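Everything quoted here is computed from the prediction, not taken from an experiment.
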There are 2 protein chains.
Amino acid sequence: MARLSTDEAAALVERFRRQLRERRLPVTRQRLAIAEGLCRAEDHPSVEELSRRLRAKGERVGMATVYRTLDALVAAGLAREHDFGDGFKRYEPLSREVAGHEHLRCVRCGRVIEFVNDRLERALRLTADEHGFVYHHHRIEIHGLCRQCRGTDLGGLAARVP
Amino acid sequence: MARLSTDEAAALVERFRRQLRERRLPVTRQRLAIAEGLCRAEDHPSVEELSRRLRAKGERVGMATVYRTLDALVAAGLAREHDFGDGFKRYEPLSREVAGHEHLRCVRCGRVIEFVNDRLERALRLTADEHGFVYHHHRIEIHGLCRQCRGTDLGGLAARVP
DNA sequence: TTACGTGCAAAGGCTTTGCAGTCGG
DNA sequence: CCGACTGCAAAGCCTTTGCACGTAA
């Protein structure tokens, strides 16, 4: 969930550090910087964006390392990967304390906000079961025009054939 | 919806043809072939796959044209675009007669099956509204292991840190 | 010291674009 | 005939990979 408390963020980084140590893998400055950068995020940054923020803080980290570390965080269950159809992936920290949540995205400005609806989630698990599937995960996104953008939009999204 | 009846498929192609004529745009052999190829599909083909099927039928159509025509079909509201996270987009014909539907995808073999749940859809519209969004569209996907694949899987998807 | 990580640049995979030739209306 | 389309190849974007060097343990 974006916007972790300071404690949650610290705990998440600590878990990452522990996982690395347990596996006898080097805990590098870069890995910690990336994990911390992600945990501090209040939104769902892309690799590019996260990289930019680290650079702004004076951290020198190559893009490839950001990609590799985010993959590791996702594999470790400490981060979540999203593709909202912007043409690139976005990431968010995944705290144990915080329940699963879904996303509402503005088609105009790209703003993403979160919401929780347990009933929805239960319904999806049930549906998977009804069709003989073993549930793994799901994806729910609502795309629309946010409050700030609705005034601006004048129907420019009408269907058109090139 | 994949698996359109012959009538629905013909109607969809006819609507495409009409839209083109109305806009004084050329109705080309390629465009019709692509529209028909998509309407005949029983699944959710990628550009690559659709292209391959056309070629198999003896239709010579360049990839760029397939991309451009699918964009046109989507913009015209006659097709739907999906990104199930395979690294490429997939398309399906969108018939007026058929209700909206969601997708259930096998994480192992990629098979996609469809289901309808009006209650879910209403809940999403309501949620958008509650957050001050003007609803545009949504996305619901369930990822799991299908009946055929569940026997094969032995937990090889466990989290791991590289 | 040694195995793994890092950074850079090159390579990949899908999609878009530029342009000369072609064709529908 | 004219404007739009097509096909090819080149370019674009995001992401992954190869490799020499650096560094945590």
Side-chain atoms of A:V27 come closest, of D:dA25, D:dT6, C:dG7, to D:dA25
TODO: Would you mind reporting whether B:L25 and B:R31 have side-chain heavy atoms less than 4.5 Å apart?
DONE: yes
message: I want to know whether B:H103 and B:F84 have ring centres closer than 6.0 Å.
response: yes
From CG of B:D71 across to P of D:dC5 the rounded distance in Å is 13 Å
Ranking B:G87 and B:R29 by the position along DNA chain C of their nearest nucleotide, the one closer to 5' is B:G87
Winner on side-chain proximity to B:V47, out of D:dT6, C:dT15, D:dC8, is C:dT15
Looking only at C:dC4, C:dG7, D:dG7, the nucleotide nearest the B:T65 side chain is D:dG7
Note: for B:R24 and B:M63 on DNA chain D, the residue whose nearest nucleotide lies more 5' is B:R24
Per atom distances to the A:L25 side chain, the nearest of C:dG5, D:dA9, D:dT15 is C:dG5
Taken to the nearest whole Å, CG/A:L32 to P/D:dA24 is 11 Å
Taken to the nearest whole Å, CZ/A:R17 to P/D:dA25 is 9 Å
- [ ] Ignoring backbone atoms, establish whether A:R31 has a side-chain N or O less than 4.0 Å from OP1 or OP2 of C:dT6.
- [x] yes
Closest to the side chain of B:P26, out of C:dG5, D:dT17, D:dA4, is D:dA4
The nucleotide from C:dT15, D:dG7, D:dA4 with an atom nearest the side chain of B:K89 is C:dT15
Problem - Distance-only donor-acceptor check, side chains A:R105 and A:H143, under 3.5 Å - result: yes
- [ ] Return no unless some side-chain N or O of B:T28 is found under 4.0 Å from OP1 or OP2 of C:dG24.
- [x] no
If you look at every strand shown and take non-hydrogen atoms under 4.0 Å, does B:Y67 touch a base, only sugar-phosphate, or nothing?
base
Report task. Measure the acute angle between the ring planes of A:Y135 and A:H138, then classify it against the limits of 30° and 60° as parallel, tilted or perpendicular. Result -> tilted
| query | Under a 4.0 Å N-O cut-off, is there an ion pair linking B:K57 with B:E36? | reply | no
**Message:** Once hydrogens and angles are ignored, does a donor-acceptor distance under 3.5 Å link the base of C:dG7 to the side chain of A:R68?
**Reply:** yes
From CD of B:E48 across to P of C:dT15 the rounded distance in Å is 9 Å
B:Q30 side-chain N/O to D:dG7 phosphate OP1/OP2 under 4.0 Å:
yes
For B:R60, report the nucleic acid contact type (base, sugar-phosphate, nothing); a contact means any heavy atom under 4.0 Å.
-> sugar-phosphate
Looking only at D:dC5, C:dC14, C:dT6, the nucleotide nearest the B:F88 side chain is C:dC14
When rounded to whole Å, the CG to C1' distance for the pair A:L54 and C:dT6 reads 14 Å
